[in-house]
Structures are given as C-alpha cells and as structure tokens.
Trainee: 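Here it is: the structure, laid out below.
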2 protein chains.
Amino acid sequence: MKRARTTLTGQELEIMKVIWKLGTPTVRQVYETLLERRKVAYTTVMTMMNILEQKGYLKKRQGDRAFVYAPSRPEKQVIRAMVREFVDRVFNGAAEPLLLHLVEDDQLTKEELDEIRKSIRP
Amino acid sequence: MKRARTTLTGQELEIMKVIWKLGTPTVRQVYETLLERRKVAYTTVMTMMNILEQKGYLKKRQGDRAFVYAPSRPEKQVIRAMVREFVDRVFNGAAEPLLLHLVEDDQLTKEELDEIRKSIRP
DNA sequence: CTGCTAGTACTAATGTTTTAGTATGAAGCG
DNA sequence: CGCTTCATACTAAAACATTAGTACTAGCAG
C-alpha cells in the first residue's frame, strides 16, 4: 500500500506525456494512443495509471462509463522537478555545467542558440 | 549472465563519481569514501564495481594486494551520454526546451548566466 | 434472456537494481 | 603454527519497476 518514490520512472513519464497531450482521457484512450507505438496490454496501462494516481500525479472521477483521469499537476511543473532531480544527481545541483554541456555539444542549431541568447538577456 | 543496459543507473553513477575523483582506487578506497556519506557494505561496493567492469566502465588490474580499478571512459564522455539520454527521454531529443527550463528557472546566479552568455557567443 | 463488450479490482509473474551474506584463500603476526 | 585481517568469487535476498492475467460486473445488441 505504500508508494515511497515520488519521482516519475521511465514508463510512468511516457504515460504522463500521453495524458498531458490528451487532456482528460480514459484508460482506453491512453491505451490506444500507446498502441500506435508499441504493443502493450490494456491492464498494464490501467495498472500504471492507478500507480500514478497513488503517487498523486493523476486524479480520477467517474465518467459516463469508465473512469476519467486528469493530471493533477501541470506538465511544466513536473518536468521542472525532473530536471532539478537530474541536475542534483548528475551535477550535484549545479545547473551551469549542464548548460555548458548542452551549449558546447552540437545538439543545438544556430537558430536555437539565437533564441537562447535572446531569452538570456536580462 | 546478460547485462543489456548500457547506461548508468543511479547508484552506479554515484560510484563512478567517486572513482573519477580518486583516479585508480581499490574497492576498499571507494568503500571508505562512500562510508563518509552513508552506510554500505564492502561487498556491495565490490559487486557494483564488478558490474561496472562488465558494463565496460571500469578496467581492473592486479595491484599489490587487491585489484586496482581505473575508469575506462572519461567522465565528460559518460556524463554527455547521460545528458543526451535524458534529453531524449524527457524532451524527445530537443535540447532547447531543457535549456530554457534552466534559464528561466532561478537555479542560475547572475554570474553563471554571464558565463554562459560569453560561452554562447559564436 | 443470453451472449458479447468494456470496464475495474485484485493478483501475480517477470525483470532490473541494489544490497549484502557466506565460503574460501593468501598474507602477516605473535 | 594458529589466528586475525583483507581480499575475491559466488550466491542470493530485498526492493523497486514493468507487464499482464483472471475474476467479476454492468450494459447493451439480438
């Protein structure tokens, strides 16, 4: 009955992403969206969504026939927490090295760098 | 006998960080460094280091008495791969949103932003 | 009514990561 | 030598994450 872990695991994130996209889906809708990309059982999706509810990421209410789920935290906030956790774990909390990694790596196009440069201006 | 996973898990990273810091330590040295922060068994550290060897992150050679381990890949390279994996998983491969997250979040001091602004210049 | 469909609850197998115990041997000391 | 210490190999349990099966219910098409 106890769910200690508070952060999202890999598969949980995948499901949350689908839910954020769909808005307030039922298990079936999430299931079908996932199916487009990979084989998965309906009950697996249900289990995951129940876990996500227990963890406080989802709320459910009785819908017409099936339960309707809704995210209880906005995507941005959750992602932000994940970034923070990653920065803590990998860079001991210092965001700068991560930024430098991203910048010096050629994962960014010139246009993107431009964008950033603009948004970074005080 | 099969070790599929190629990326570092949480605890593995913790150990690799200690090893990068120490250079070419024995199990005991890693063990003692870890002990300063948390309780852990000697054999646990050994197991982890063996796994890291199997995964190709460490090389070992016979030392005076115990095995001496050395990182087989530079820290920077490994961290880079982790960043890439994170960006893929969380941001579907787009580095820019992550950068914006970092920038707009107040995790960075003015000085750090200055630094970055400089390094971002073409 | 009867059988089919969609739904949930409960349970459980499988997989992976993390932690550590036990057996065993080499080396040094008194 | 006999005992303690430090080391490794092998084994495995605990904890966490992922996937799915089974039983049961309600509603609806025929």
Side-chain angles (χ1 to χ4, degrees), chain A residues 1-19 22 24-35 37-70 82 85 89-90, chain B residues 1-19 22 24-35 37-70 82 85 89-90:
Chain A
M1 233 314 149
K2 63 179 167 194
R3 284 275 153 200
R5 196 123 203 73
T6 152
T7 53
L8 289 178
T9 65
Q11 299 311 306
E12 288 169 357
L13 175 61
E14 191 188 7
I15 296 207
M16 282 309 295
K17 286 211 242 178
V18 171
I19 297 174
L22 296 179
T24 56
T26 60
V27 172
R28 179 148 300 269
Q29 286 171 286
V30 175
Y31 164 65
E32 271 165 6
T33 307
L34 278 177
L35 261 196
R37 263 177 297 152
R38 65 187 184 92
K39 176 182 160 294
V40 65
Y42 178 88
T43 48
T44 301
V45 179
M46 214 183 66
T47 305
M48 293 300 287
M49 288 174 71
N50 281 333
I51 290 172
L52 285 165
E53 194 209 354
Q54 284 171 40
K55 286 193 178 182
Y57 287 92
L58 292 178
K59 280 182 301 230
K60 76 177 166 189
R61 62 169 203 283
Q62 191 60 245
D64 191 25
R65 219 159 127 49
F67 284 124
V68 171
Y69 289 79
M82 292 190 72
E85 212 246 353
R89 200 165 57 81
V90 179
Chain B
M1 231 318 146
K2 62 180 166 194
R3 284 267 155 206
R5 197 123 206 71
T6 151
T7 52
L8 290 177
T9 64
Q11 298 313 305
E12 287 169 357
L13 174 62
E14 191 187 9
I15 295 208
M16 282 308 297
K17 286 210 243 176
V18 171
I19 297 174
L22 295 180
T24 56
T26 60
V27 172
R28 178 149 301 269
Q29 287 171 287
V30 175
Y31 165 65
E32 272 165 5
T33 307
L34 278 177
L35 260 197
R37 263 176 298 152
R38 65 188 184 93
K39 176 183 159 295
V40 65
Y42 178 88
T43 48
T44 302
V45 179
M46 213 182 66
T47 305
M48 293 300 285
M49 287 174 72
N50 282 333
I51 290 172
L52 285 165
E53 194 209 352
Q54 284 170 39
K55 287 193 177 181
Y57 287 92
L58 293 178
K59 280 182 303 230
K60 75 176 165 190
R61 63 170 203 284
Q62 190 61 245
D64 192 23
R65 218 159 128 49
F67 284 124
V68 171
Y69 289 78
M82 293 190 72
E85 213 245 354
R89 199 165 58 81
V90 180

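Any value given below was found using the heavy atoms of this structure, including those in side chains, with hydrogens, waters and symmetry copies removed. We name chains A, B, ... by the order of the sequence lines, and we start the count at 1 in each one.
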Trainee: Rounded to the nearest Å, what distance is computed from the CE atom of residue B/M49 to the C1' atom of nucleotide D/dA9?
Mentor: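 For the pair B/M49 CE and D/dA9 C1', the rounded distance is 15 Å.
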
Trainee: Measure the CD-CG distance between A/E32 and A/L34 for me, rounded to the nearest 0.5 Å.
Mentor: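 The CD atom of A/E32 sits 10.5 Å away from the CG atom of A/L34.
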
Trainee: Could you give the CD1-to-P distance, from B/I51 to D/dT11, as a whole number of Å?
Mentor: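 Result: 15 Å.
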
Trainee: Grab the OH-C1' distance between A/Y42 and C/dC10 for me, whole Å please.
Mentor: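 Interatomic distance, OH of A/Y42 to C1' of C/dC10: 15 Å.
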
Trainee: Rounded to the nearest 0.5 Å, what separates atom OH in A/Y57 from atom OG1 in A/T7?
Mentor: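 Atom-to-atom, A/Y57:OH and A/T7:OG1 are 6.5 Å apart.
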
Trainee: According to a strict under-4.0 Å criterion, is A/R38 in side-chain N/O contact with OP1 or OP2 of D/dT19?
Mentor: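 Checking D/dT19 against A/R38, a side-chain N or O does come within under 4.0 Å of OP1 or OP2.
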
Trainee: Expressed as a whole number of angstroms, how long is the span from A/Q11:CD to D/dC16:C1'?
Mentor: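 Answer to the nearest Å: 14 Å.
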
Trainee: Any side-chain N or O of A/T26 below 4.0 angstrom from OP1/OP2 of C/dG7?
Mentor: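 False: A/T26 side-chain N/O out of range (4.0 Å or more) of C/dG7 OP1/OP2.
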
Trainee: For nucleotides 21-30 of chain D, list the nitrogen or oxygen atoms of the protein found under 3.5 Å from its nitrogen or oxygen atoms, one pair per line.
Mentor:
from	atom 1	to	atom 2	distance (Å)
D/dG21	N7	A/T43	OG1	3.2

Trainee: Does a nitrogen or oxygen in the side chain of A/K39 sit under 4.0 Å from OP1 or OP2 of D/dA20?
Mentor: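 It does, given that an N or O in the side chain of A/K39 lies less than 4.0 Å from OP1 or OP2 of D/dA20.
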
Trainee: Can you tell me how far C1' of C/dT17 sits from OH of B/Y57, to the nearest Å?
Mentor: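 The answer, rounded to whole Å, is 15 Å.
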
Trainee: Report yes if a side-chain nitrogen or oxygen of A/K55 is closer than 4.0 Å to either non-bridging phosphate oxygen (OP1 or OP2) of D/dC16; otherwise report no.
Mentor: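 For D/dC16, OP1/OP2 do not have a side-chain N/O of A/K55 under 4.0 Å.
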
Trainee: Under the side-chain hydrogen bond (donor to acceptor under 3.5 Å, both in side chains) test, which residues partner B/T44, sequence neighbours left out?
Mentor: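 In terms of side-chain hydrogen bond (donor to acceptor under 3.5 Å, both in side chains), with neighbours along the sequence ignored, B/T44 is linked to no residue.
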
Trainee: Can you tell me if the side-chain N/O atoms of A/T44 get under 4.0 Å from OP1 or OP2 in D/dA20?
Mentor: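 Indeed, a polar side-chain atom of A/T44 lies that close.
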
Trainee: A/T26: what forms a side-chain hydrogen bond (donor to acceptor under 3.5 Å, both in side chains) with it, not counting sequence neighbours?
Mentor: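 Residues passing side-chain hydrogen bond (donor to acceptor under 3.5 Å, both in side chains) with A/T26: A/Q29.
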
Trainee: Please report the distance, rounded to the nearest Å, between CG in A/N50 and P in D/dT19.
Mentor: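 Checked: the CG to P distance equals 16 Å.
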
Trainee: If a pair satisfies salt bridge (Lys or Arg N to Asp or Glu O under 4.0 Å) and one of its residues is in residues 37-53 of chain B, list it, with sequence neighbours excluded.
Mentor: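 Counting only pairs at least two positions apart or across chains, the salt bridge (Lys or Arg N to Asp or Glu O under 4.0 Å) contacts touching residues 37-53 of chain B are B/E14-B/R37, B/E14-B/R38, B/E53-B/K60.
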
Trainee: Could I get the full list of side-chain contact (heavy atoms from CB on, under 4.5 Å) partners for A/A70, not counting sequence neighbours?
Mentor: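 Partners of A/A70 by the side-chain contact (heavy atoms from CB on, under 4.5 Å) criterion, ordered by chain and then number, come out as A/T24.
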
Trainee: For the pair made of CE in A/M48 and C1' in C/dC10, what is the distance, rounded to whole Å?
Mentor: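 Those two atoms, CE and C1', are 18 Å apart.
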
Trainee: When the distance from CZ of B/R61 to C1' of D/dA7 is rounded to whole Å, what number comes out?
Mentor: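 Taking CZ of B/R61 and C1' of D/dA7, I get 17 Å after rounding.
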
Trainee: Could you work out, with side-chain contact (heavy atoms from CB on, under 4.5 Å) as the rule, every residue matching A/M48, not counting sequence neighbours?
Mentor: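 Here the qualifying residues are A/Q11, A/E12, A/I15.
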
Trainee: Phosphate oxygens OP1/OP2 of C/dT16: is one of them under 4.0 Å from a side-chain N or O of B/T9?
Mentor: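 Checking B/T9 against C/dT16: no side-chain N or O falls below 4.0 Å of OP1 or OP2.
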
